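For reference, the structure is listed below as structure tokens.
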Amino acid sequence: MSNKADDFARQAQVYVPDLKTNWHLDRVAFFGSADIPVESQLYAEAFACAKLLAENGKIIVNGGGPGIMQASSQGAAAGGSETIGVTLNPPKEEMPEFEGESPGNRLTLQIKTQNYIERMFGLLSQADVFVCFRGGTGTLSEWSTAWLLAHLYYGRHKPLILYGSFWFEVMECINCNFLIGEKERNIYRIVENKEQLLAVIEGLERELQVLREEQVKT
């Protein structure tokens, strides 16, 4: 095979996110806006959530950028845990609206990717559970893809947590206007503070354990 054919074969490969094979939720991905300023209340909440999770043995996963991502890395460090960053840093002329890496987001382990899709799927693979804060179109793409994969692979799925009271209105609108099934509704939880976040993750671990045990029996 020629070099040109080899290159084409590599480009034609599709990366598929890993599925869950156990019920532990050890790695928690933080999705949310890169534009949240350090002095904002939401930044402080993301920091506090990550710190509490880190203190309870969780590893944080994010995209290596500013805003919610940086807040979660700093919270993880403050809580004595680690951060895995799945990063993308393209030339500005190629992706002028993409935030790229943040100097203030210090990662324990960095996984560099070649394009946005590889980065998003890398985040979905590295984490066991996803927490979605307020964000823009990037957060919407991560949230909807995580939700879709959890629905398609229900039983070996990774759950989704939506942070903030605004999600009640968002999900009510979606459930009223889209064809959302019972299992799809069972994939996600809505929380409003760090204590609820930790409690929901622990509850989801118990639910997944029961689900895995039922699968083994059948």
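Throughout, residue positions are numbered sequentially from 1 according to the sequence presented. Given the structure is predicted, the values throughout are model-derived calculations rather than measurements. Values below: every heavy atom of this structure, side chains too, minus hydrogens, waters and symmetry copies.
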Mind checking what makes side-chain hydrogen bond (donor to acceptor under 3.5 Å, both in side chains) contact with Asn175, not counting sequence neighbours?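 Tyr188.
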Is [Y] close to [X] at the side-chain level, that is, under 4.5 Å between some pair of heavy atoms?
X      : Y      : value
Leu197 : Leu53  : yes
Leu162 : Val191 : no
Thr87  : Arg119 : no
Leu160 : Val129 : no
Leu208 : His24  : no
Phe130 : Ile161 : no
Leu198 : Asn56  : yes
Thr113 : Val86  : yes

Quick check for you: to the nearest 0.5 Å, what is the distance between Leu204 atom CG and Gln209 atom CD?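 Reported to 0.5 Å precision, the distance equals 13.0 Å.
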For the CG atom of Leu179 and the CD atom of Glu184, what is their distance to the nearest 0.5 Å?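 It comes to 9.0 Å.
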Enclosure of Glu172 CD (heavy-atom neighbours >12, cutoff 6.0 Å):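 No, because the 6.0 Å sphere around CD of Glu172 holds 12 heavy atoms or fewer from other groups.
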If you count every heavy atom of other residues, nucleotides or ligands that lies below 6.0 Å from Arg134 atom CZ, does the total exceed 12?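 Not buried by this count: 12 neighbours or fewer within 6.0 Å.
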Which side-chain hydrogen bond (donor to acceptor under 3.5 Å, both in side chains) pairs, counting each pair once, include a residue from residues 159-171, with sequence neighbours left out?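 Listed by first then second residue: Glu45-Tyr163.
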Can you run down the side-chain hydrogen bond (donor to acceptor under 3.5 Å, both in side chains) pairs that involve residues 147-158, sequence neighbours left out, and say none if there aren't any?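 Every pair satisfying side-chain hydrogen bond (donor to acceptor under 3.5 Å, both in side chains) with a residue in residues 147-158: Tyr154-Asn186.
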Give a yes or no on whether the ring-centroid distance for Phe31 and Phe133 is below 6.0 angstrom.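 Ring centroids of Phe31 and Phe133 are no less than 6.0 Å from each other.
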Salt bridge (Lys or Arg N to Asp or Glu O under 4.0 Å): pairs with one or both residues in residues 192-207, sequence neighbours excluded: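 For residues 192-207: Lys58-Glu205, Arg189-Glu207.
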Search all heavy atoms of Ala34 against all heavy atoms of Pro66 and return the closest pair with its distance.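 Taking every non-hydrogen atom into account, O-CG, 3.4 Å.
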How close do Ile190 and Gly164 get, heavy atom to heavy atom, and via which atoms?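 Minimum heavy-atom contact is CG2-O, 3.7 Å.
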Suppose we screen for side-chain contact (heavy atoms from CB on, under 4.5 Å). Which residues come up paired with Ser81, at least two apart in sequence or across chains?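 Listed in chain order: Ala54, Ile59.
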Under 3.5 Å, sequence neighbours excluded: what are the donor-acceptor pairs made by side chains of residues 93-106?
{"unit_1": "Glu101", "atom_1": "OE1", "unit_2": "Gln110", "atom_2": "NE2", "d": "3.3"}
{"unit_1": "Glu101", "atom_1": "OE2", "unit_2": "Gln110", "atom_2": "NE2", "d": "3.3"}
{"unit_1": "Ser102", "atom_1": "OG", "unit_2": "Gln70", "atom_2": "OE1", "d": "2.6"}
{"unit_1": "Ser102", "atom_1": "OG", "unit_2": "Gly104", "atom_2": "N", "d": "3.3"}
{"unit_1": "Asn105", "atom_1": "OD1", "unit_2": "Ser73", "atom_2": "OG", "d": "2.4"}
{"unit_1": "Asn105", "atom_1": "ND2", "unit_2": "Asn62", "atom_2": "OD1", "d": "3.3"}
{"unit_1": "Asn105", "atom_1": "ND2", "unit_2": "Gly65", "atom_2": "O", "d": "2.8"}

